[in-house]
Participant: 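Just dropping this structure here.
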Amino acid sequence: MKTYYLKIRDTFITDIKNRVKKHEYRLASPERMQVKVGDTFVLISNQNKENFVRTTIKGIKVYSSWNEALRENWEQDFKNIFSSLEGTLKECYKFYPKAEVDRYGIVVFEIEPLYIDYSKASVLLDTNIFIKRESSDNVSFEINNLFNWFDKKNVKKYLHKNTIEELKTHKDEKIKNTMLTKVASYDILPSFSAGKDDYFEYVVSQYSQDVNSKIDNALLLEVYNDNVGILLTDDGAILKKAKDLFIRDKVVTSAELLEYFEKAYPKNIEYKMLAVKLKRFDEVDINSAFFDSLREDYEGKKFDDWFKKKGNEKAYVFEDNENNLKGFLYLKIEDESENYTDIEPILTPKRRLKVGTFKIERTGFRLGERFLKIIFENAVQWEVDEVYVTLFESKRPEVTALKGIMEQWGFVKHGYKKSNGELVLVKDMKNYKETETPKFNYPILKKDRNHYFLPIYAKYHTDLFPDNILKNEDMHLYEDKLAHRYAIEKIYLTGAYNIKAKAGDVILIYRMSDGWYKNYSSVVTGMAIVQEVVKTKNVDECISICKDKSIFKEEDIRAVYSKYPTVLKILDYKPFTHKVTLDELRNCGIVDKYSGPRPFTFITKEQFDTIYKLGMEE
């Protein structure tokens, strides 16, 4: 297989990476007709050579004219650029002289971008990596942790035959003998000849030609020829050559690969408040009747086998007061190399959070919202583009109810799995939809939002926002399973008039101290999003809105309604890791030295940014 390097307009590269543009159009010259299925095109921006995409050739067709070549696929390939076949033809006519097109025709290459799944790719170890791993005098944090990941993911590791020759020349006799002894536990990479490559030879000829460089070039050639997935090295010269060869993504340092694993397989967020806890699969009773419906859906033993295979991984679990399992949530990260051919229409390459297993039983309080908040917070931490879930939409009432909840929170129908007919719901985590509610968009924030303070009395604060608990508070006071604690949607009753906060605006939760030293005990504890402001017509309407979302019981609402008839619906968003004190607010000039924040006090964008930065400090 050969590699060809072609210039391309910058605007096309993103579409190729996203599998929108699936064909590359070239003059069917003798040179281009040498290309074969399986060869590689490296398509490089003609504006910035740092921007490129590596593709494989899946099919080749030759047409006598531009019109014939474009007719079948122009809408798919150029839909983000041209609105008609005529417009596309007009632009393409500029590429080659008419006489050349009449003589040779146009060749259309069906292309597919090449992505590297580092967790599945075989690894060729550079000599310096091997020595760092095996020498007791050269311990490396990155290497040790990387090899732990290799073991977890069953990554195949190789040495090159030239590495053994290089080790034989090591000046330190003790290290040399130790290393040569340990070589026996590694596989030697099988090497397949691919013939001489002019571009490869040109690039490496620009560098030193000593013995070590030739050994480095031999390793580079293996990954260049796709004889191995990636080359792991911390050698600067090898990395520079890899960049010039447009294979820098296939030649990685130990720090880069470790960062990939830690980002691709991050730790789940652990919650100290409320009863949903993170547990290993092998700590959960697989024989619980809770899993019976899942066994029914997923072929019985296959579900049990899958569950046992996940033994060392973790899931979010909810158990009632009698330790009966009532909720289970397993999350999985998927990167751009994930295979989605079983989903129709196919999902385009993106970083996604898959809700692998999500089941809740009726509990009498808003457990579904608590699990959704966990999903969203993990998705934000892991910086995914989308979240998706598959489910049998009409098989049983609890699944239908779960589907309804998820649709309220922004999950939309994408399609179905071809293998078993499961519905696929997808949640966009990047784009705010102005026509939808803050609840539908949650946890994405509106760009043109305003910011306000919302003071809350200390006795109500943590009951309503348990994740915002202060370090000196007793978490055991909040162990009762109450609906308003588990809900994302919260209710605040106010008597304030002329409230300027609108849907999508952000409020900062300000816990007013109930003791001395208010300068330090009155604190901003987190953020929430305004869902809606409702000026209720009567107490019964107020009670109806507040059900399961307010800390107040019905009799309490009736008692205070005359003073607090306005309902503020808010969405619990984020607790601050550092509670921002009144003293800090005053020192930053955000509030007056002799007072504290008042309800719905406006905060400028600059003031908000200052508070947020302080609040997110570790």
Side-chain angles (χ1 to χ4, degrees), residues 1-5 38-44 49-50 52-57 112-133 142-143 146-147 149-150 153-167 186-209 212-261 335-337:
M1 300 294 101
K2 293 189 65 175
T3 299
Y4 297 87
Y5 300 84
D39 284 348
T40 298
F41 275 176
V42 179
L43 300 168
I44 307 161
K49 72 174 186 178
E50 304 289 326
F52 68 92
V53 58
R54 194 167 45 250
T55 65
T56 185
I57 310 300
E112 183 177 275
L114 293 170
Y115 293 102
I116 302 171
D117 185 345
Y118 294 98
S119 62
K120 297 177 182 176
S122 55
V123 179
L124 177 60
L125 305 176
D126 187 17
T127 307
N128 59 22
I129 300 294
F130 174 73
I131 292 175
K132 285 180 182 179
R133 171 60 178 172
E142 286 88 359
I143 301 301
L146 263 182
F147 273 69
W149 278 111
F150 290 162
K153 299 298 177 183
N154 297 314
V155 172
K156 190 72 174 175
K157 305 177 292 294
Y158 291 103
L159 293 178
H160 194 275
K161 60 184 179 181
N162 287 12
T163 292
I164 301 172
E165 298 306 314
E166 188 174 8
L167 289 170
Y186 288 81
D187 289 325
I188 304 302
L189 181 70
S191 185
F192 299 93
S193 175
K196 186 177 179 180
D197 187 283
D198 292 337
Y199 185 74
F200 182 88
E201 295 298 330
Y202 166 74
V203 169
V204 299
S205 71
Q206 306 303 305
Y207 292 83
S208 169
Q209 299 300 306
N212 288 336
S213 292
K214 290 181 179 179
I215 293 174
D216 294 344
N217 295 343
L219 272 63
L220 270 170
L221 187 60
E222 299 294 354
V223 73
Y224 181 84
N225 286 335
D226 290 323
N227 291 340
V228 68
I230 59 175
L231 170 62
L232 182 63
T233 181
D234 289 332
D235 186 292
I238 295 179
L239 296 169
K240 288 180 181 178
K241 293 176 188 177
K243 183 178 180 181
D244 291 345
L245 290 165
F246 297 96
I247 56 170
R248 182 60 178 81
D249 57 333
K250 299 173 70 177
V251 181
V252 295
T253 68
S254 53
E256 288 169 344
L257 192 55
L258 181 60
E259 182 182 6
Y260 161 79
F261 278 115
D335 64 17
E336 293 82 354
S337 65

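On a predicted model such as this, the values are computed, not experimentally measured, just so you know.
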Participant: How many angstroms lie between atom CD1 of Ile164 and atom NE2 of His160, to the nearest 0.5 angstrom?
Facilitator: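 NE2 of His160 is found 10.0 Å from CD1 of Ile164.
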Participant: For Asp249 and Arg54: C-alpha separation, side-chain torsions, deciding distance, then whether side chain to side chain contact (heavy atoms under 4.5 Å, CB included) applies.
Facilitator: CA-CA 10 Å; Asp249 57 333; Arg54 194 167 45 250; 2.9 Å; yes
Participant: Any donor-acceptor pair under 3.5 Å linking the side chain of Gln206 with the backbone of Tyr202?
Facilitator: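 Checking the backbone N and O of Tyr202 against the side chain of Gln206, a donor-acceptor pair under 3.5 Å is found.
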Participant: Taking the ring of Tyr5 and the ring of Tyr199, is the distance between their centroids below 6.0 Å?
Facilitator: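 Ring centroids of Tyr199 and Tyr5 are less than 6.0 Å from each other.
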Participant: List in chain and number order the residues that pass side chain to side chain donor-acceptor pair (under 3.5 Å) with Asp126, two or more places apart in sequence or in another chain; answer none if no residue qualifies.
Facilitator: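 Side chain to side chain donor-acceptor pair (under 3.5 Å) check on Asp126 returns Asn128, Thr233.
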Participant: Check whether any side-chain heavy atom of Leu159 lies under 4.5 Å from a side-chain heavy atom of Leu189, and answer yes or no.
Facilitator: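 Answer no - side chains too far apart.
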Participant: Output the distance between atom CG (Leu146) and atom OG (Ser254), rounded to the nearest 0.5 Å.
Facilitator: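 Nearest 0.5 Å value for the CG-OG distance: 6.0 Å.
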Participant: So, taking the atom named OG1 in Thr40 and the one named CG in Leu114, what distance separates them when rounded to the nearest 0.5 Å?
Facilitator: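 Nearest 0.5 Å value for the OG1-CG distance: 6.0 Å.
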Participant: Might you work through the salt bridge (Lys or Arg N to Asp or Glu O under 4.0 Å) test for Lys157 and Asp187, ending with a clear yes or no?
Facilitator: CA-CA 7 Å; Lys157 305 177 292 294; Asp187 289 325; over 6 Å; no
Participant: Do Ile129 and Asp234 pass the side chain to side chain contact (heavy atoms under 4.5 Å, CB included) test, and can you show the C-alpha distance, the side-chain angles, and the key distance before you say yes or no?
Facilitator: CA-CA 7 Å; Ile129 300 294; Asp234 289 332; 3.5 Å; yes
Participant: So, does Asn162 use its side chain to make a donor-acceptor pair with the main chain of Ala218 at under 3.5 Å?
Facilitator: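 Such a contact is absent between Asn162 side chain and Ala218 backbone.
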Participant: Give a yes or no answer on whether the side chain of Ser122 reaches the backbone of Gly229 with a donor-acceptor pair at less than 3.5 Å.
Facilitator: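 Judged by distance alone, yes, a pair lies under 3.5 Å.
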Participant: Please identify each residue that fulfils salt bridge (Lys or Arg N to Asp or Glu O under 4.0 Å) with Asp235, with sequence neighbours left out.
Facilitator: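 Listed in chain order: nothing, the list is empty.
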Participant: Can you check whether Tyr4 reaches Val42 side chain to side chain, under 4.5 Å on heavy atoms?
Facilitator: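 No - every pair of side-chain heavy atoms lies 4.5 Å or more apart.
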Participant: Does a side-chain N-to-carboxylate-O contact under 4.0 Å join Arg248 and Glu256?
Facilitator: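 Judged by the 4.0 Å cut-off on N to carboxylate O distance, Arg248 and Glu256 do form a salt bridge.
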Participant: Please step through side chain to side chain contact (heavy atoms under 4.5 Å, CB included) for the pair Ile230 and Leu257, ending with a clear verdict.
Facilitator: CA-CA 10 Å; Ile230 59 175; Leu257 192 55; 4.0 Å; yes
Participant: Are Glu222 and Ser191 linked by a side-chain donor-acceptor pair shorter than 3.5 Å?
Facilitator: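 Side-chain D/A pair, Glu222 to Ser191: present.
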Participant: For residues Lys250 and Tyr224, determine if any side-chain heavy atom of one lies less than 4.5 Å from a side-chain heavy atom of the other.
Facilitator: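 Contact flag for Lys250/Tyr224 side chains = no.
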Participant: Under the criterion side chain to side chain donor-acceptor pair (under 3.5 Å), I'd like the reasoning laid out for Thr56 against Glu112: C-alpha separation, chi angles, the key distance, then a yes or no.
Facilitator: CA-CA 5 Å; Thr56 185; Glu112 183 177 275; over 6 Å; no
Participant: In this structure, which one of Tyr260, Tyr118, Tyr115 forms a side chain to side chain donor-acceptor pair (under 3.5 Å) with Asp335?
Facilitator: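 Result for side chain to side chain donor-acceptor pair (under 3.5 Å) with Asp335: Tyr260.
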Participant: Would you name the heavy atoms of Asp216 and Lys241 that are closest together and state the gap between them?
Facilitator: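 Closest approach of Asp216 to Lys241, heavy atoms only: CB-NZ, 4.4 Å.
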Participant: To the nearest 0.5 Å, tell me how far Phe130 CZ sits from Leu125 CG.
Facilitator: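 If I round to the nearest 0.5 Å, the distance is 8.5 Å.
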Participant: Given Ile238, which of Val251, Asn217, Thr253 fulfils the side chain to side chain contact (heavy atoms under 4.5 Å, CB included) condition?
Facilitator: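 Result for side chain to side chain contact (heavy atoms under 4.5 Å, CB included) with Ile238: Val251.
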Participant: Hey, are Lys132 and Glu142 close enough for a salt bridge, meaning a charged N less than 4.0 Å from a carboxylate O?
Facilitator: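 Looking at Glu142 together with Lys132, the answer is no, because their closest N to O distance does not fall below 4.0 Å.
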Participant: Look at atom CD of Glu259 and say whether more than 12 heavy atoms of other residues, nucleotides or ligands are closer to it than 6.0 Å.
Facilitator: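 At most 12 heavy atoms, drawn from other residues, nucleotides or ligands, come within 6.0 Å of this atom.
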Participant: Which heavy atom of Val155 sits nearest a heavy atom of Ala121, and at what distance?
Facilitator: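 Smallest interatomic distance, heavy atoms only, reads CG1-O, 3.5 Å.
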Participant: Hey, is the main chain of Val204 close enough, under 3.5 Å, to the side chain of Gln209 for a donor-acceptor pair?
Facilitator: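 Yes; at least one donor-acceptor contact below 3.5 Å.
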Participant: Between CZ of Arg133 and CZ of Phe150, what distance do you get to the nearest 0.5 Å?
Facilitator: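 Here the interatomic distance stands at 9.5 Å.
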Participant: Just how far is it from atom CG of Leu221 to atom CG of Asn227, taken to the nearest 0.5 Å?
Facilitator: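 Reported value, rounded in 0.5 Å steps: 7.5 Å.
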Participant: Between Pro113 and Val53, which heavy-atom pair has the shortest distance, and what is it?
Facilitator: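 Heavy-atom minimum between the residues: CB-CG2, 4.2 Å.
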Participant: Using the rule given for side chain to side chain contact (heavy atoms under 4.5 Å, CB included), can you reason through Tyr207 versus Ser213, listing the C-alpha separation, both sets of side-chain angles and the distance that settles it, and then say yes or no?
Facilitator: CA-CA 8 Å; Tyr207 292 83; Ser213 292; 5.8 Å; no
